[in-house]
**Q** 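Okay, here's the structure, questions in a sec.
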Amino acid sequence: MRKFGRAIVVCLAALGLAGSAQATPKVTLAIGGAGCLCYLPTVLTKQLGFFAKEGVDVNMVNFKGGSQALTAVIGGSADVVSGYFDHTVELAAKGQHMTSFVVYDRFPGLVLVVAPGETDKIKTVADLAGKTVGVSAPGSSTDLFLKYLLKKAGVDPKSASTIGVGLGGTAIAAMEQGRIDAAVMLDPAVTVLQAKYKDLRLLSDTRSQKDTEAVFGGDYPGGAFYTRASWLSKHPAEAQAMTNAVVDTLRWIHSHSAEEIMAKMPPAMVGKDKAAYLAALKNTIPMYSTDGKMDPKGAAAVLAVFTQGSKAVADAHVDVTKTYTNAFADKAAARN
């Protein structure tokens, strides 16, 4: 009888171990401003249940800007960043190997906007010298974009002071309250301001392919999932599951109306002005990738911009092909 009892205990223990082995893998995903439409594919993937469908439990943690989300991953409190690809190039120059494994934005969608009260005073990027410009967070892609534009305009990037104002409502409030003279913003905030201020001045706009090419000379990838190379090598199954989920979301986006997409988003992110959000979403949909793959020419353009604007990147001779992989997106596409 005792032997029989021990056998039951052993069987139960074995079942427990088996259950543990089959537990759903968990991934902490740091996102640099979930309310921004540039990150909509990430949020929508969660809303549609596609992460869970692929067998991965993704916990999204929202941060004020991409640099803070990146810090969380570097510090080990998060596993993957949903943020702008260009950070991988900057980090490579510092000897920190980060790898992008699925891209959801074909264009960055960044817009340099003059505050409504400064329209008559600031007419060019060069006029920002000595002014205060809002960015999502210091060191974020919005900040890097501003510095690139200032240098391109022949102005010392340090001549304009920057402060973090976040994205969305906080950035709009900072503009309207006169706390900043301009800001690097994204939709839906830009479209909301354009609807309210008909004479709103945009100094630079990268929400379309044509405008992106005008600024950067070619395509320039925006949002992507990226992580430490060491994490990626240890968790290929989780990365593949996340890629499958995002690629399915991108296909879903391009096969549904803006109204249907908006209906799936959290009400708090849509906000009270649904018409403005819908208008912004319609403007943004062409920005989203269809297959999750990195365009090698786009990655090369990112490197060219940083090489031009950063001596550290230029001196590091970064091999941009090591900052991304299309292997996971290729496998996602091969499923059907």
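Just so you know, residue 1 is the first one in the sequence shown, and it goes up from there. Please read all numbers here as calculations on a predicted model, not as lab measurements.
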**Q** Is there a donor-acceptor pair closer than 3.5 Å between any side-chain N or O of T307 and the backbone N or O of L303?
**A** yes
**Q** Check this for me: does any side-chain nitrogen of one of E259 and K282 sit under 4.0 Å from a carboxylate oxygen of the other?
**A** yes
**Q** Of all heavy-atom pairs between A239 and F101, which one has the smallest distance, and what is that distance?
**A** O-CE1, 3.7 Å
**Q** Ion pair present between K131 and D127, side-chain N to carboxylate O less than 4.0 angstrom?
**A** no
**Q** Say whether, by atom type as modelled, one donor and one acceptor occur between the side chain of T191 and the main chain of P188 under 3.5 angstrom.
**A** no
**Q** Of all heavy-atom pairs between L203 and K123, which one has the smallest distance, and what is that distance?
**A** CD2-O, 3.6 Å
**Q** Would Y277 end up clustered with V190 when hydrophobic side chains under 4.5 Å apart are linked, directly or stepwise?
**A** no
**Q** Tell me if a side-chain donor or acceptor on H97 pairs with a main-chain N or O of K322 at a distance below 3.5 Å.
**A** yes
**Q** Under a single-linkage definition using a 4.5 Å side-chain heavy-atom cutoff for Ile, Leu, Val, Met, Phe, Trp and Tyr, are I285 and L186 assigned to the same hydrophobic cluster?
**A** yes
**Q** Side chains of L250 and P41: closer than 4.5 Å at any heavy-atom pair?
**A** yes
**Q** Does V165 reach the side chain of I172, with side-chain heavy atoms less than 4.5 Å apart?
**A** no
**Q** Say whether, by atom type as modelled, one donor and one acceptor occur between the side chain of Q47 and the main chain of K264 under 3.5 angstrom.
**A** yes
**Q** Between N62 (side chain only) and A34 (backbone N and O only), is there a donor and an acceptor less than 3.5 Å apart?
**A** yes
**Q** Linking I/L/V/M/F/W/Y whenever any side-chain heavy atoms sit under 4.5 Å apart, do L150 and V313 land together?
**A** yes
**Q** How are the rings of Y288 and H254 set to each other: parallel, tilted or perpendicular (split at 30° and 60°)?
**A** perpendicular
**Q** Hey, what do you get for CZ (F225) to CE (M242), rounding to the nearest 0.5 Å?
**A** 4.5 Å
**Q** For a 4.5 angstrom cut-off between non-hydrogen side-chain atoms, does R228 reach Q96?
**A** no
**Q** Once rounded to the nearest 0.5 Å, what's the spacing between atom OG1 of T249 and atom CG of L44?
**A** 5.5 Å
**Q** Can you tell me how far CG of N326 sits from NZ of K293, rounded to the nearest 0.5 angstrom?
**A** 7.0 Å
**Q** Verify the cluster assignment for M60 and L167: are they in a single hydrophobic cluster under the rule of side-chain heavy atoms below 4.5 Å apart?
**A** yes
**Q** Just by distance, with hydrogens left out, do S100 and T88 show a side-chain donor and acceptor under 3.5 Å apart?
**A** no
**Q** Determine the minimum heavy-atom distance between A92 and V318, stating which atoms define it.
**A** CB-CG1, 3.7 Å
**Q** Yes or no on side chain to side chain contact (heavy atoms under 4.5 Å, CB included) for V43 and M269, after CA distance, side-chain angles and deciding distance?
**A** CA-CA 10 Å; V43 178; M269 289 187 183; 3.9 Å; yes
**Q** Can we say E213 and R106 salt-bridge, meaning some charged N sits less than 4.0 Å from an Asp/Glu carboxylate O?
**A** no
**Q** Is the closest side-chain donor-acceptor distance between Y104 and S82 under 3.5 Å?
**A** yes
**Q** Salt bridge check, R207 against D187: does any charged N sit closer than 4.0 Å to a carboxylate O?
**A** yes
**Q** Under 3.5 Å, is there a donor on one side chain and an acceptor on the other for S141 and D86?
**A** yes
**Q** Yes or no on side chain to side chain contact (heavy atoms under 4.5 Å, CB included) for F107 and D219, after CA distance, side-chain angles and deciding distance?
**A** CA-CA 7 Å; F107 320 124; D219 285 351; 4.0 Å; yes
**Q** With P221 as reference, evaluate V302, D105, T212 under the side chain to side chain contact (heavy atoms under 4.5 Å, CB included) test and give the passing residue.
**A** V302
**Q** Transitive ILVMFWY cluster of V81 at side-chain heavy atoms under 4.5 Å: who else is in it?
**A** L70, V73, I74, L91, M98, Y226
**Q** Answer yes or no: is there an ion pair linking E176 with K196, defined by an N-O contact shorter than 4.0 Å?
**A** yes
**Q** Determine, for D205 against K210, whether the closest basic-nitrogen to carboxylate-oxygen distance falls under 4.0 angstrom.
**A** no
**Q** Before giving the answer on side chain to side chain contact (heavy atoms under 4.5 Å, CB included), spell out for V80 and W231 the whole-Å C-alpha distance, their side-chain angles and the decisive distance to 0.1 Å.
**A** CA-CA 9 Å; V80 178; W231 187 91; 3.8 Å; yes
**Q** Is D156 reaching over with its side chain to a backbone N or O of K158, donor-acceptor style, under 3.5 angstrom?
**A** yes
**Q** Would you check if the side chain of R335 reaches a backbone N or O of A332 as a donor-acceptor pair within less than 3.5 Å?
**A** yes
**Q** Could you walk me through whether M265 and L40 pass the side chain to side chain contact (heavy atoms under 4.5 Å, CB included) check?
**A** CA-CA 8 Å; M265 294 298 288; L40 178 142; 3.9 Å; yes
**Q** Can you tell me which residue pairs pass the ring pair (Phe, Tyr, Trp, His ring centres under 6.0 Å) test with a partner in residues 31-83, sequence neighbours excluded?
**A** none
**Q** Do E260 and S257 have side-chain atoms, one donor and one acceptor, less than 3.5 Å apart?
**A** yes
**Q** What I'd like to find out is whether the side chain of T162 reaches to under 4.5 Å of the side chain of T142, using heavy atoms alone.
**A** no
**Q** Could you check T325 against T99 for side chain to side chain donor-acceptor pair (under 3.5 Å), going step by step and ending with a plain yes or no?
**A** CA-CA 7 Å; T325 176; T99 306; over 6 Å; no
**Q** Looking at T206 and G109, would you say the former's side chain and the latter's main chain have a donor-acceptor pair under 3.5 Å?
**A** yes
**Q** Kindly say whether P25 contributes a backbone atom to a donor-acceptor pair with the side chain of D57 at under 3.5 angstrom?
**A** no
**Q** How long is the span from the OG atom in S204 to the CG atom in L149, to the nearest 0.5 Å?
**A** 4.5 Å
**Q** Is it the case that one hydrophobic cluster holds both L232 and L29, taking links as side-chain heavy atoms less than 4.5 Å apart, direct or via other members?
**A** yes
**Q** So, the side chain of Y220 versus the backbone of P108: is there a donor-acceptor pair under 3.5 Å, distance only?
**A** no
**Q** Just so I know, are the side chains of V125 and V155 near enough to count as touching, which here means a heavy-atom distance under 4.5 Å?
**A** no
**Q** Could you state the interatomic distance from CD1 (I253) to OG1 (T45), rounded to the nearest 0.5 Å?
**A** 7.0 Å
**Q** Quick one: pull up CZ in R201 and CG in L112 and give me the separation to the nearest 0.5 Å.
**A** 11.5 Å
**Q** Which heavy atom of A30 sits nearest to which heavy atom of A69, and what is that distance?
**A** CB-O, 3.6 Å
**Q** Among I122, V133, V114, whose side chain to side chain contact (heavy atoms under 4.5 Å, CB included) with D181 holds?
**A** I122
**Q** Which heavy atom in A182 sits nearest to a heavy atom in M175, and how many Å separate them?
**A** C-SD, 4.0 Å
**Q** Looking at G223 and V103, what are the two nearest heavy atoms and their distance?
**A** O-CG1, 3.6 Å
**Q** Heavy-atom count around D120 CG within 6.0 Å, excluding the residue itself: above 12?
**A** no
**Q** Got E54 and D248 here, is their nearest side-chain heavy-atom distance under 4.5 Å?
**A** yes
**Q** Using a cut-off of 6.0 Å, state whether more than 12 heavy atoms not belonging to K152 lie near its atom NZ.
**A** yes
**Q** Would you call F306 and L144 a side-chain contact if the rule is heavy atoms closer than 4.5 Å?
**A** yes
**Q** Within the structure provided, determine whether D143 and V184 are in side-chain contact (heavy-atom separation under 4.5 Å).
**A** no
